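One structure below.
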2 protein chains.
Amino acid sequence: MSKSYIRHFNANAIFHRIRIEPNVSQRDIVAKTGIDKSVVSSIVNQFSELGLVERNPVATSNKPGRPMEGLTISPESGLIVGVQIEADTIGYVAAALDGIPVCSKVQAFDGKLDEVADVVARGVKEIVSECGRDSETLGVGISLPGLLTDEGVLLHAPVLGWRGVPVVDMFSSALDAPVFAGNDGKAAAMAEYMFGECVDVRDFIYLFSGSGVGGALFLDGDIYRGSTGLAGELGHIKVVPQGRYCSCGASGCLSAYLCEPALAEEIGRLTGNLPSSFKEIIERANANDEVVVGVLDNAGAVLGSAISSLVNIFNPPLVCLGGDMASAEPYLRPAVERALQRLAHPSMSVQTKVIFSQLSTVSPFLGGVALALDGVTGLDSPHVLP
Amino acid sequence: MSKSYIRHFNANAIFHRIRIEPNVSQRDIVAKTGIDKSVVSSIVNQFSELGLVERNPVATSNKPGRPMEGLTISPESGLIVGVQIEADTIGYVAAALDGIPVCSKVQAFDGKLDEVADVVARGVKEIVSECGRDSETLGVGISLPGLLTDEGVLLHAPVLGWRGVPVVDMFSSALDAPVFAGNDGKAAAMAEYMFGECVDVRDFIYLFSGSGVGGALFLDGDIYRGSTGLAGELGHIKVVPQGRYCSCGASGCLSAYLCEPALAEEIGRLTGNLPSSFKEIIERANANDEVVVGVLDNAGAVLGSAISSLVNIFNPPLVCLGGDMASAEPYLRPAVERALQRLAHPSMSVQTKVIFSQLSTVSPFLGGVALALDGVTGLDSPHVLP
DNA sequence: GATATTTTTCTTGTTTTGAGAATAATTCAT
DNA sequence: ATGAATTATTCTCAAAACAAGAAAAATATC
């Protein structure tokens with residue numbers, strides 16, 4: 001526990017407050033974070049000198065006394081680029097320091113490891129120039145479908161077939177800006193904390209559904225990584241003893257009932273008409289296809305059972321469901337609520353809100369932005385989110 | 001995040017190292033904690049001046065150079081008293097600062113709230129005088145079967161029928177020593193971390209079985225309390241959808257299959273012979289009563305299912321099972337292992353060790369000692385473990 | 001006995017917090 | 001208008017804590 005750690009921590013907390021509540025006063029920051037006024041003044045000055053934070057005069061409040069200074073993140077001060085590497089695509093988004101996306105794009109990707117650093121370097125350069133700003137790139141955050149060590153080594157990414165890749169070093173040498181890397185599920189959770197539905201919630205459970213089901217435990221204001229970094233792989237909670245086989249090799253995983261391929265397969269099996277995308281699944285449900293609605297309802301029940309377990313373990317104020325789940329809310333929510341009623345401890349579930357977040361569909365790839373922002377605003381050196 | 005917090009944190013870490021590894025050198029502490037040598041020297045001096053730590057010459061190592069000083073907790077420096085309040089008993093244990101119990105006793109208790117402060121004050125005085133040492137009582141830790149707030153208020157203790165009791169204030173005014181209070185399950189987990197099977201393990205899951213099933217999440221070197229303090233009530237993880245009714249009002253809880261009353265009832269129902277204690281259950285199992293063995297095996301399967309979920313969520317290096325479970329290890333372990341094999345993610349379960357801890361049966365009431373020790377050795381003011 | 005080695009302490013410097021005084025900028029009352 | 005009151009921020013200074021290196025202490029080896 002070092003001294004600079006406190007500074008890092010405080011700086012992050014202050015930046016976070018300014019971002020989620022533009023035009024706050026220093027006084028408010030003091031009240032809400034408990035950090036001393038001198039420290040807030042000093043750190044705000046530091047941010048202000050770096051050009052990261054602006055002081056704006058605020059409309060008169062009709063109160064006596066010196067008016068407050070409204071503090072905001074300067075949108076022109078620099079760009080953060082979020083990169084999301086998936087099985088066959090790479091997504092990019094450039095955002096200002098306040099996290100508001102400026103532009104984004106997706107590019108096809110063949111998964112070749114030896115070219116990816118150059119591909120991403122070019123992609124980042126392009127997205128930055130497309131923004132039409134000559135502001136500096138302050139950080140690049142790379143969200144990866146696999147597990148990372150503290151040192152920035154990607155241990156294993158099944159969908160990419162990569163293993164033991166020192167991603168931070170690799171991308172750092174190809175890019176000019178500081179590189180931050182992290183697991184996709186955890187990065188997405190961080191994005192929810194910074195920009196989404198979980199802003200400023202100290203404890204929440206995040207579940208994400210797509211080609212697989214991932215997740216993260218956000219505890220005490222930070223992602224819980226566990227001793228091995230594997231913690232939070234919530235897609236593999238067992239929900240049905242001796243249930244369906246999952247791509248991970250085990251059986252009865254939540255993922256085997258909820259991820260897009262599993263739902264598609266089930267619908268295909270029951271109707272003889274295999275959906276080609278999650279969008280199609282939702283379209284068929286919207287068109288009142290009873291089989292599809294039934295499959296989604298069943299998935300909701302299984303999901304609700306998993307959430308009930310999580311509620312009983314963590315008693316979190318918030319459970320956030322992202323990815324494909326957001327667009328399926330009308331078909332999932334009733335079953336989830338039923339399961340919670342039936343399975344979760346009443347005195348716990350009353351304190352828990354379950355929400356479906358649109359963030360990852362409305363503005364995708366923000367996970368990487370969150371990763372980088374977390375590092376950049378600490379007034380400190382890079383790190384990794386395993 | 002304040003400055004004195006760092007000192008508290010470092011002091012605790014250093015004391016912890018000395019306790020778990022008597023005769024360490026400062027150099028070793030530096031190597032193992034990462035704290036700077038100056039800081040270690042300064043804090044060791046502080047402990048030494050307070051008489052909490054002794055410096056012993058260590059047998060020559062046949063190496064050149066100044067020989068190390070072996071640091072140990074001075075056993076005579078003071079007493080810590082652990083108090084455990086249960087439905088009809090109060091248990092006491094007096095221990096030296098190294099956590100080694102000196103003497104203990106149990107007294108009957110009628111659950112009367114208005115007398116308990118005086119009763120405990122008398123009990124503490126007696127146990128201290130029974131020790132036959134005139135050393136100072138440095139702290140009293142009180143372990144309670146209920147939920148506490150950060151401010152030391154017992155919100156609700158169902159088995160005692162207490163609600164909204166400011167326990168820390170109440171016991172503080174009756175006792176001369178600093179009072180620390182906490183939830184029994186979390187205190188027991190802390191004891192495992194300090195004195196038991198989980199010494200120095202930064203992340204573990206603790207499950208405790210007795211008249212109910214409690215537990216704690218020990219994450220990143222500390223108990224996770226969650227936003228409400230309810231986190232870690234692992235006895236109410238749902239293991240069987242629409243399963244047995246639990247004393248909490250819900251159905252399918254782990255507790256409903258594993259706690260002593262549930263096991264006794266089940267055995268009584270099947271044999272017509274209701275066991276009067278957990279000890280009797282084990283005796284009948286030892287006498288090869290097939291029904292009893294079968295009931296325990298079934299409980300083990302349910303327990304294993306719950307542990308599998310926990311493994312998949314946390315991927316902890318260690319799952320520690322305490323209380324009654326320890327003496328039932330021969331009957332529970334096979335079923336637990338089977339369930340883990342079948343239900344837990346293989347790449348996770350290989351990293352997880354499941355152990356049965358005798359700590360709470362061999363030297364009971366250490367939870368309170370752990371609570372108090374945690375506060376006393378921080379060179380800082382009291383606090384609570386909700 | 002000199003030298004090398006290992007462990008601990010001392011010295012000095014830097015960073016950061018934290019409390020209170022000072023300053024700045026406004027409204028309200030007269 | 002002008003002074004008083006009020007509120008927000010900055011400045012000043014002291015204390016706490018860490019951090020790096022020099023120094024000291026205590027031993028083994030040659």
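Everything quoted here is computed from the prediction, not taken from an experiment. Here is how names work: the chains are called A, B, and so on, in the same order as the sequence lines, proteins then strands, and each is numbered from 1.
Put simply, B:R55 has no side-chain N or O that comes within less than 4.0 Å of OP1 or OP2 on C:dT8. Remark: B:S25 is not in phosphate contact with C:dT7, judged by side-chain N or O atoms under 4.0 Å from OP1 or OP2. Not one side-chain nitrogen or oxygen of B:N10 sits closer than 4.0 Å to the OP1 or OP2 atom of D:dA17. Taking only side-chain nitrogens and oxygens, A:R7 comes nearer than 4.0 Å to OP1 or OP2 of C:dT17. Dashed line: the shortest gap from a side-chain N or O of B:S41 to OP1 or OP2 of C:dT9 is under 4.0 Å.
Atom-to-atom, CD of B:E69 to C1' of D:dT27 comes out at 14 Å; the value is rounded to the nearest Å. Atom CE in A:M68 sits roughly 15 Å away from atom P in D:dT7 (whole-Å rounding). Between A:D36 atom CG and D:dA14 atom P the separation is 17 Å, expressed in whole Å.
When the options B:V39, B:I43, B:I35, B:L71 are evaluated for a side-chain contact (heavy atoms from CB on, under 4.5 Å) with B:I29, the one that passes is B:L71.
Counting only N and O atoms by type, the side chains of B:T72 and B:N23 include no donor and acceptor under 3.5 Å apart. Side-chain contact, B:Y224 with A:D203: a donor N or O sits under 3.5 Å from an acceptor N or O.
At a threshold of 4.0 Å, the pair B:R17-B:D28 does not count as salt-bridged, since none of the basic side-chain nitrogens sits closer than that to a carboxylate oxygen.
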